[in-house]
Amino acid sequence: MTLLTVEDLTIEFPRPGGRSGGTTRPVRGVTLTVEPGQTLGVVGETGCGKTLTGLAVLGLLPPAARARGSIRLDGRELLGAPPSQLRAVRGAEIAMVFQNPATAFDPVRPLRTQFERVIRRHRGGSREQAGARAAKLLAEVELHDTDRVLGSYPHQLSGGMLQRAMIALALSCEPRLIIADESTSALDVTVAQQVRRLLLRLQHAHGFGVLFVTHNLGEARDLCDRVAVLYAGEVVETGPVEEVFTAPAHPYTKALLAAVPTVDDDGAPLASLPGEVPADVLAVTGCVFANRCPQAEDLCRSTPPAAHTLPGGRSALCHFADPEVAA
Amino acid sequence: MGRFLFRRAAAAAAVLLGTTVVTFVLARVVPADPALAYLGPKARPEQIAQIHHQLGLDRSLPVQYAHYLGGLVRGDWGISIGTKQPVASELFGRLPATLELLAAAMTIALVLGIALGVIAAVRQQRLVDHVIRMLAIGGVSMPAFWLGLLLQVTVFGQLGLFALTGRNDPDLEFTDPIRDITGFHLLDALLTGNAAGFTDTLTHLVLPALTLAAYPIGVIARMTRASMIEVLAADHIRAARAYGLRERMTVGRIALRGALPPVVTVAGLTLAYSLTGAFFVEVVFNWPGLGQFASTALLNADYPAIMGVTVLGAAAYILVNLAVDIVQARLDPRVRLA
Amino acid sequence: MTLLAATTGPADAVRTADTPAPTRLRRIVTALLRDRLALLGVVLVGALLVLAVFGPWLAPFPDQGRGVADVAHRNLAPGTGGHLLGTDPLGRDVLSRIIIGARPALLTPLLTVALAVAVGVPLGLLAGYRGGRLDEVVMRIADMFLAFPPLLLAMVIAAMLGPSLMHAGIALAIAWWPWYTRLARGLAAGLRDRPFVDGARALGLSDPVILARHLLPNAAAPIVVQASIDIGTVILASGSLAFLGLAAQAPTPDWGLMVSDGRSYVLSQWWLSALPGTAIFLAVLAFNVLGDALRDILDPRAVTR
């Protein structure tokens with residue numbers, strides 16, 4: 001059974017400063033699935049709606065936001081579920097690993113207190129039991145000096161150590177889904193690589209599914225089974241990561257990949273995408289990518305495309321997505 | 001922590017020494033001659049010279065300052081011109097009354113101020129928030145002497161509640177006298193099981209304490225609100241929610257705890273401010289504390305008393321600031337270990 | 001001169017690129033008018049200024065307002081005999097005394113803050129800019145004054161100088177200048193090593209010119225905010241001095257003094273104390289609201305003091 005299903009998710013905000021009626025929709029009609037034990041990469045530029053999608057799954061959107069559609073964990077609807085029920089799911093069944101571990105921990109408490117809070121919240125038990133579990137988890141993320149780490153305040157530990165601790169905290173109640181939001185972006189390259197290996201190893205051991213939000217395509221390729229490319233709040237392409245990256249079906253995916261430097265580069269200049277994301281996507285009549293798309297035709301500017309299903313479990317939101325491209 | 005404490009205490013001592021210099025200079029540069037204050041305007045020159053000699057005014061300024069400083073340290077703060085009593089015993093005898101008033105006011109201010117600030121922050125931009133912000137800015141704009149009079153007119157005059165002036169009913173001395181243990185009447189009455197004394201003290205304490213609390217309530221509520229809003233938007237609060245912690249834990253413990261350091265700082269500042277504010281409340285409510293003595297001394301150019309009040313006020317102010325630093329270091333590990 | 005203009009550019013560029021002067025003023029004004037609370041502050045301050053300037057012509061009984069007794073009309077309750085706010089035991093119209101009292105009540109704090117700024121800011125800028133021994137000496141002296149509760153210091157100085165409105169103002173300014181020195185010193189120390197200051201120094205401009213033309217404009221916003229908030233605080237402080245009898249003396253119409261004089265009659269004739277006290281409250285409130293709004297607009301990152 002599918003672990004997480006996000007179906008036709010739309011997130012709406014009242015337009016800042018607008019008196020009435022005006023809204024923005026930073027996420028529109030997003031559909032995603034995560035299978036147990038698998039990793040779905042959600043990739044795209046800053047502001048494409050990938051972080052909001054992650055927050056929506058946790059039910060942590062800002063108070064002003066309104067979400068429509070469906071978000072199901074093991075078939076249970078989470079969107080619109082009562083807050084107390086969501087709180088019981090968060091941390092226990094879905095856990096989040098944040099982008100900046102240095103600010104995600106409470107700065108005025110030692111790590112031990114923070115582990116105790118989460119573990120005792122969801123599993124009860126004494127402080128000692130929670131402390132023992134925390135020590136075991138830290139050992140599992142290869143932080144072996146557990147007593148010192150648990151007694152430390154966040155500002156006393158390095159970013160890499162904190163991110164490992166954050167992963168241990170995420171695992172503390174054996175969640176089945178982990179949402180990792182740019183979890184390595186704030187780390188040094190080598191430390192990030194270690195953290196990625198750790199995540200893969202833990203996933204292998206515990207079998208949790210991962211929703212991996214990143215702007216780093218190389219990272220997505222390393223970690224993910226499937227990938228969903230977001231542009232301006234819409235999923236423009238999904239499919240198995242290898243296929244999508246070797247033979248992209250959507251012009252935006254092509255452009256993204258062309259902008260990434262690779263080791264076996266033949267020295268060709270990196271392509272950069274001209275133009276900008278439309279300021280008001282709701283005012284766009286056709287495809288939202290049309291103004292930057294090298295292949296755009298009149299049809300693209302007048303009619304929004306529908307998602308084309310392609311062979312190999314792939315789909316693309318483009319009038320000209322070639323069914324043959326995957327072949 | 002030990003080194004931190006020592007450094008801060010040493011700095012505080014240096015500043016305190018500085019304030020005695022300022023006080024001494026102030027008392028020496030004023031145009032009026034202290035001898036005239038003792039003797040009256042018809043004093044003969046030889047009498048004035050004699051007083052000058054007695055007070056050491058015929059010696060050089062550094063010698064006079066050393067003499068003054070030595071006196072301060074020995075507890076010899078001079079004789080009050082107004083009451084003809086030693087200034088030190090006048091001041092320290094009245095200190096408990098003022099401290100009791102301050103303690104009551106600060107307790108009210110901390111409880112109400114933090115509660116109002118948290119409510120406003122959680123209900124940001126809603127009606128409650130606007131009402132609390134109005135109350136807070138009103139609180140910091142009120143002259144204490146005016147609020148005290150208003151409370152006397154309305155709560156006592158119209159409703160007949162609490163007491164108009166004084167610290168205890170004069171009759172209490174004969175029916176249920178409060179035995180002096182700590183000098184805090186409320187505490188002493190409680191310790192000796194003096195129910196009548198306790199009620200009487202409380203009745204007299206409510207209005208002046210509320211009056212004195214108005215300013216700190218406003219400042220603390222404003223700072224709590226601002227600090228809570230900042231902390232509530234922080235990553236670690238979002239993380240606490242993402243880990244399913246209950247709102248009572250997230251807002252009431254984690255966020256409030258994180259929001260406390262600046263609140264402690266302003267609470268300390270307002271406490272120091274209220275040291276002076278108490279003067280006015282004491283005058284309005286006829287409260288037998290330092291402020292009453294000080295305001296009389298100020299009006300009558302009672303120099304020894306004024307100098308004593310000044311040094312005591314500065315010492316208290318410096319002590320409060322030192323205490324704030326120490327509490328701050330305990331609250332925030334980043335300060336402590338820096 | 002062209003060279004100068006071109007090379008001192010950065011300082012001005014920082015200022016003009018971010019906030020060209022007319023637009024900035026317009027932005028402040030629109031922001032003030034949009035916030036309803038701030039608007040209340042603007043209206044109150046405006047009304048107070050009108051009273052302060054035109055008080056003697058607006059007061060219904062100007063002579064009594066200034067202190068002339070009228071024994072035929074003693075102790076009238078508000079609203080009787082044409083006395084909207086009643087009369088005092090000497091038969092003087094309370095409304096007239098409040099209106100005429102507006103001028104000293106506003107003028108003293110305004111002049112006090114101006115004096116404190118005029119002394120404190122240049123000293124602080126110089127200390128922060130020069131650093132070293134001068135900084136050390138200036139700041140240690142300021143620290144000595146900062147170690148006293150400001151109102152207590154003002155009360156003591158006023159008492160020692162002898163009670164009068166002038167002395168009260170001087171005393172308040174002596175108590176307030178070091179706060180501006182500390183603020184300006186911090187701002188100048190932060191600006192000292194910025195490239196546009198280095199540039200000005202490299203051109204061989206004199207220190208006073210650098211302070212006035214390059215540091216002051218960039219440090220102005222926080223100082224203006226602080227001063228606008230302090231005006232409210234100083235109105236309160238000078239009212240307090242007057243209440244204790246350390247400022248204006250009878251029969252001058254002074255709000256704090258009126259509150260004090262009315263105390264003996266507080267349960268029978270509440271208006272004698274309560275109404276002039278309300279005048280102080282509204283004046284302080286007006287400047288506090290305005291100061292808060294200015295801080296939100298000019299210095300949004302500053303924390304409430």
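None of the values given here were measured: they were computed from a predicted structure. Letters A, B, ... are given to chains in the order of the sequence lines, protein chains preceding strands, and every chain is numbered from 1.
Interface residue B:T276: only side-chain heavy atoms are found under 4.5 Å from chain C. C:F148 touches chain B through backbone and side chain together, each having a heavy atom under 4.5 Å away. Contacts between C:P149 and chain B at a heavy-atom distance below 4.5 Å involve backbone atoms as well as side-chain atoms. There is no contact between C:I141 and chain B, counting heavy-atom distances below 4.5 Å.
Inter-residue side-chain proximity for B:F145 and C:L244 is flagged as unmet; no heavy-atom pair is nearer than 4.5 Å. You'll find the side chain of C:V259 reaches within 4.5 Å of the side chain of B:L149, heavy atoms only. With contacts defined as side-chain heavy-atom distances shorter than 4.5 Å, the pair C:F243/B:V284 qualifies. Side-chain contact between B:I137 and C:L285: present, with at least one pair of heavy atoms (C-beta onward) separated by less than 4.5 Å. Between B:Q152 and C:W270, the closest side-chain pair of non-hydrogen atoms is not below 4.5 Å. Taking 4.5 Å as the limit, some side-chain heavy atom of C:L152 sits within range of a side-chain heavy atom of B:F279. By the 4.5 Å heavy-atom criterion applied to side chains, C:S273 and B:W146 are not counted as neighbours. Here the side chains of C:L151 and B:F280 are in contact, with some heavy-atom distance below 4.5 Å.
Considering only heavy-atom pairs separated by less than 4.5 Å from chain C, the leading option among B:A12, B:A314, B:A297, B:G157 is B:A314.
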